[in-house]
Amino acid sequence: MSVRVRIAPSPTGSLHVGNARSALFNWLFARHHGGTFILRLDDTDVERSEEHHVVQIQESFRWLGLDWDEGVGVGGPHGTYRQSDRLDRYAEVVDGFLARGIAYRDFRSPDELDELRRAAQAAGGPPRVPSGASGDPVADLARAEAGESFTVRFAVPAEGAVEFDDVVRGPMRFDLANEDDFVLVRSSGMPTYHLASTVDDVDYEITHVARGEDLLASTPKHILITRAMGAEPPTYAHMPLLFGPDGKKLSKRHGDTSVRAFMDAGYLPEAMFNFMCLLGWSYGEDREVFSKEEAVAAFDLDAVGKNTAVFDTTKLDWLNGEYIRALDGTDFVDRVRPMLGDLDPEQERRFEAIASLVQERTKKLPEAADQVGFLFVADDAIEFDEASWRKQMTKDFSRPALEGGLAVLGDLEPWTTEAIDGALRGNLETQGLNARKGLQPLRVALTGSAVSPPLFESMEVLGKDATVARLERALSMVEDPAGD
RNA sequence: GGCCCCGUCGUCUAGUGGCCUAGGACGCCGGCCUCUCAAGCCGGUAACGCCGGUUCGAAUCCGGUCGGGGCUGCCA
C-alpha cells in the first residue's frame, strides 16, 4: 500500500512554524517513500476561518518548497479538499451512526453539562460526564424537528480500551472509562474537528497520521469513529511540540512565529527548511547542514524524537549565513536587489562590484542592504554614526590619517585596490600610525561607520572622485567640531 | 482533580548494557588571521533531574520521586 499523508491546517490564522514543522515531516515522509502528500483545509470553525489565510498558508508552503500532490489549489480525486464543502458527507456518516445507535442527540444545555462536569470532577474519579442518551431515538427526532437545540454525541462504550502503536511513542492504551461522549455535530449543525478530520482521513485513504503530540489524547476518539465507519485506523505518529525560548508552548507572545514573518525577515527558505528538520529529528553522521534531497533520502518517522524542542532561532541565524555564503554570486545579487529600491546605472555598478564582499558577512538579507547603503548616498550626505565618529574622528590620529590619505590618493594612478592598498600603507609608515589608527578614520569618512566592507575595495568601487570628496568633507568636519 | 506524554551541555541533538573519563552543532569564552566587521582556523566552557533496584557492568532496563508539558470544549 502506498503512503498517503496529509497536513490539515485550519485557516484561522497564518501558517505557524509548529504546523510548518509538522507539514515538513509529513512531506519528507511522503517523498522518502514515494507516497502522496495532501493539503487539506480543516475549516469547520466558520467563525474564525478566513479566505486570505487560505492564500497565505499556500504561499508559505510553496516558499518552504513543500509541494503537495493533492489538495487545495491542485485538486485531486476528492473534490476541493475543504471540509466546508463536505458537510453533506459528514451528515451522511452521522445519520448512519444515529440509525445504528452509535451516536445520539443530546438536548442538554452547555450550563447543564458544565454542572455535570464539575460534579464528576468533584467526585474525584474520572471526570466523565454521564451519557445524555434518552434511549428513545424516535422521540429525540421529534424534539429535533420541533426545533429544539441539540448536539450529536458519539456513544462511547462504558468499558474496554483503545490501543494503538504510535510510530514515535510506541504502544498506547487508553481506557474508555475516561472518555467522554464527545460531540460530533454542534448545535449549529457544523461537524467538529474530530468528526470531519476523521471522516476525511478515512475517505481520502490516509495511511499515516503524523501530527502534533497535542492530539495524542484525542486519538481514541478518532479510532472509535474510524471503526464505527467500518474502516481500519491509519498508523499514528505523534510528533513533539515546539516551545518558545522561555520553555513555554510556542504562542503569539513569543513574537510573530508565522512562517510569513521569517519570509519577511530575510531568511532563505533553504535555511528555514534545514533548520526545521533539526527540530525533533537528526540527520545523523554528525551533520547539521544538508540539502532537501539528502533529508528526503535519510528521513523516516520512526527516527523522530519524543521530546519537545525549543524554537530558538540562534542556530537558524547561523544556518542562514551558511546558506547565504553558499549562494551563487548572481543569485545573491538578485535576492538583495529588491531590497535596495531604485538604483541608477552607477549605483547598480557599485552594488554588483561589492556584492561578493558583503555576501561573506551577512546573516540575513536585509543586513546586506544596510551594508551597501553608503554606496548610494551623495558624497556630501553621508550620515555619521555617532559612536563611530567619537571613537575615530576626535583623536590625535584622526587628522593625520585623513590628511595623509588625501595626500597619497589625490593623484593615484591606476585607481585599483592594489594601488590604494600600497599608497595607504605607505602613508601609515610616514605618519608612524598602525593600521587600526591610520585606516579607521578613512573608513568612517567613506561610509559613516567604523564597520563596513573592506576599505580598499570600497574606495575602488566608489571611485577616486567620490573617495577624495568624502575624505575632504570629513576632514573639514574634524577641523571644526562645532560644524558637526 | 483525572488520563496521557516527556526528562542528555544554555539551545538543537547523537547515544537502544560495555566502543561514554558521554560525541556533534549553535551560542558563549580565549587565541590565530586581520584595514573594521564578518568568515575561516585552533583551543576552551558546559549535560545523563533525583533515589532505589536489576546486572560483572547502566545515559541506556525496572520502580519510585521530582520537574516540564498535553488533553480533560458545541477550538483545532
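Below, chain A is the first sequence line, B the second, and so on; all start at residue 1.
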Query raised in the report: With a non-hydrogen cut-off below 4.0 angstrom, is Arg211(A) in contact with a base, only sugar-phosphate, or nothing?
Result: nothing

Query raised in the report: Taking any strand in view, what nucleotide pairs with U11(B) in a Watson-Crick or G-U wobble way, both distances under 3.5 Å?
Result: A25(B)

Requested in this report: Report yes if a donor N or O on one partner sits less than 3.5 Å from an acceptor N or O on the other, where the partners are the side chain of Ser187(A) and the base of C74(B); otherwise report no.
Outcome: yes

Query raised in the report: What is the distance from CG of Asp166(A) to P of C3(B), rounded to the nearest Å?
Result: 20 Å

Report task. Please work out if Ser452(A) contacts a base, only the sugar-phosphate, or nothing of the nucleic acid, heavy-atom cut-off 4.0 Å. Result -> base

Requested in this report: Take atom CG of Asp114(A) and atom P of U72(B), then tell me their distance rounded to the nearest Å.
Outcome: 14 Å

Query - Touch class at under 4.0 angstrom, heavy-atom based, for Leu278(A) against every strand present - result: sugar-phosphate

Requested in this report: Classify the nucleic acid contact of Glu367(A) as base, sugar-phosphate or nothing, counting any heavy atom under 4.0 Å across all strands shown.
Outcome: nothing

Query raised in the report: Base, sugar-phosphate, or nothing: which does Phe182(A) touch, judged by heavy atoms less than 4.0 Å apart?
Result: nothing

**Report entry** Distance test, side-chain N/O of Arg118(A) to OP1/OP2 of G73(B), below 4.0 Å
**Finding:** no

Report task. Give one of base, sugar-phosphate or nothing for Ala450(A), where a contact means two heavy atoms less than 4.0 Å apart. Result -> base

Query - Options G40(B), C6(B), U36(B), nucleotide nearest the side-chain atoms of Glu322(A) - result: G40(B)

Query raised in the report: From the list C4(B), G69(B), U11(B), which nucleotide is the closest neighbour of the side chain of Phe174(A)?
Result: C4(B)

Query raised in the report: Taking the six-membered ring for Trp, are Phe107(A) and Phe150(A) parallel (under 30°), tilted (30 to 60°) or perpendicular (over 60°)?
Result: tilted

Query raised in the report: Given the P atoms of C66(B) and C41(B), what is the spacing between them in whole Å?
Result: 48 Å

Report summary line: Heavy-atom nearest nucleotide on RNA chain B taken for Arg173(A) and for Phe311(A); more 5' hit belongs to Arg173(A)

Query - Between C35(B) (P) and Leu428(A) (CG): distance, integer Å - result: 9 Å

Query - side-chain hydrogen bond (donor to acceptor under 3.5 Å, both in side chains) partner of Tyr90(A), the single match among Thr198(A), Asp200(A), Thr44(A) - result: Asp200(A)

Report task. Once you apply the 3.5 Å cut-off to both distances, tell me the Watson-Crick or G-U wobble partner of C74(B), or none. Result -> none

Query raised in the report: Taking the six-membered ring of Phe273(A) as reference, does the NZ or CZ atom of Lys292(A) fall below 6.0 Å from its centre and within a 45° cone about the axis?
Result: yes

Query raised in the report: If we take the C1' atom in both A46(B) and C12(B), what is their distance in whole Å?
Result: 15 Å

Requested in this report: Check if the side chain of Arg436(A) and the base of C35(B) share a donor-acceptor pair of N or O atoms closer than 3.5 Å.
Outcome: no

Query raised in the report: Quick one: on RNA chain B, does Asp180(A) or Thr314(A) contact a more 5' nucleotide (nearest heavy atom)?
Result: Thr314(A)

Query - Asp214(A) side chain, from C-beta outward: closest of U11(B), A39(B), A76(B) - result: A76(B)

**Report entry** Rounded distance in Å between the P positions of C37(B) and G31(B)
**Finding:** 13 Å

Query - Distance between C1' atoms of C75(B) and G70(B) (Å, rounded) - result: 15 Å

Query raised in the report: Leu424(A) CG to C35(B) P: how many Å, rounded?
Result: 12 Å

Query raised in the report: Below 4.0 angstrom from OP1 or OP2 of G73(B), is there any side-chain N or O of Arg117(A)?
Result: yes

Query raised in the report: How far does the C1' atom of G30(B) sit from the matching atom of C71(B), given to the nearest Å?
Result: 49 Å

Query raised in the report: G27(B) and C9(B): how far apart are their C1' atoms, nearest whole angstrom?
Result: 11 Å

Requested in this report: Scan Leu455(A), Ile354(A), Asp421(A), Thr417(A) and name whichever one has a side chain to side chain contact (heavy atoms under 4.5 Å, CB included) with Glu460(A).
Outcome: Thr417(A)

Report task. Mark yes or no for whether Glu429(A), through its side chain, and Gly426(A), through its backbone, hold a donor-acceptor pair below 3.5 Å. Result -> no

Report task. Identify whether NZ of Lys or CZ of Arg in Arg335(A) sits under 6.0 Å from the centre of the six-membered ring of Phe332(A) and within 45° of that ring's axis. Result -> no

Report task. Name the nucleic acid region contacted by His238(A), choosing base, sugar-phosphate or nothing; use a 4.0 angstrom heavy-atom cut-off, strictly under. Result -> nothing

Query raised in the report: Looking at G1(B), U11(B), A76(B), which one has an atom nearest to any side-chain atom of Arg186(A)?
Result: A76(B)

**Report entry** N/O (side chain, Thr44(A)) to phosphate O (OP1/OP2, A76(B)) under 4.0 Å
**Finding:** yes

Requested in this report: Searching all strands shown, indicate the nucleotide that pairs with G67(B) (Watson-Crick or G-U wobble; both distances under 3.5 Å).
Outcome: C6(B)

Query raised in the report: What does Arg325(A) touch in the nucleic acid at a heavy-atom separation under 4.0 angstrom: a base, only the sugar-phosphate, or nothing?
Result: sugar-phosphate

Query raised in the report: Does U8(B) have OP1 or OP2 sitting under 4.0 Å from an N or O in the side chain of Asn307(A)?
Result: yes

Query raised in the report: Phe456(A) near the nucleic acid: base, sugar-phosphate alone, or nothing, with a heavy-atom cut-off under 4.0 Å?
Result: base

Query raised in the report: Which part of the nucleic acid, if any, lies within reach of Leu316(A) when heavy atoms closer than 4.0 Å are counted: base, sugar-phosphate only, or nothing?
Result: nothing

Query raised in the report: Which listed nucleotide (G69(B), C6(B), A25(B)) is nearest to the side chain of Glu288(A)?
Result: A25(B)

Query raised in the report: Within 45 degrees of the axis of the six-membered ring of Phe397(A) and under 6.0 Å from its centre: does Arg399(A) put its NZ or CZ there?
Result: no

Query raised in the report: Given atom CG of Leu439(A) and atom P of C37(B), what is their separation to the nearest angstrom?
Result: 13 Å

Requested in this report: Please work out if Arg169(A) contacts a base, only the sugar-phosphate, or nothing of the nucleic acid, heavy-atom cut-off 4.0 Å.
Outcome: sugar-phosphate

Requested in this report: Give one of base, sugar-phosphate or nothing for Gly280(A), where a contact means two heavy atoms less than 4.0 Å apart.
Outcome: sugar-phosphate

Report task. Quick one: label Thr151(A) by what it contacts on the DNA or RNA (base, sugar-phosphate, nothing), any heavy atom closer than 4.0 Å. Result -> base

Query raised in the report: Looking at the side chain of Met172(A), which of G2(B), C5(B), A76(B) is the nearest nucleotide?
Result: C5(B)

**Report entry** Value in whole Å for how far the C1' atom of C41(B) lies from CD of Glu360(A)
**Finding:** 15 Å

Query raised in the report: Checking only heavy atoms, does the side chain of Lys315(A) share a donor-acceptor pair with the base of C12(B) at less than 3.5 Å?
Result: yes

Requested in this report: Could you label the plane-to-plane angle of the His238(A) and Tyr236(A) rings as parallel, tilted or perpendicular, counting under 30° as parallel and over 60° as perpendicular?
Outcome: parallel

**Report entry** Between U55(B) and G15(B) - P atom distance, rounded Å
**Finding:** 28 Å

**Report entry** Pairing nucleotide - C56(B), Watson-Crick or G-U, each distance under 3.5 Å
**Finding:** G18(B)

Query - Interatomic distance where CZ belongs to Arg361(A) and P belongs to U34(B) [whole Å] - result: 15 Å

Query raised in the report: In whole Å, what separates the P atom of A76(B) from that of C5(B)?
Result: 25 Å

Query raised in the report: When the distance from CD of Glu179(A) to P of C71(B) is rounded to whole Å, what number comes out?
Result: 14 Å

Query raised in the report: Do you know which of His222(A), Gln83(A), Arg40(A) makes side-chain hydrogen bond (donor to acceptor under 3.5 Å, both in side chains) with Ser197(A)?
Result: Arg40(A)

Query raised in the report: Can you say whether the rings of His208(A) and Phe29(A) are parallel (under 30°), tilted (30 to 60°) or perpendicular (over 60°)?
Result: perpendicular

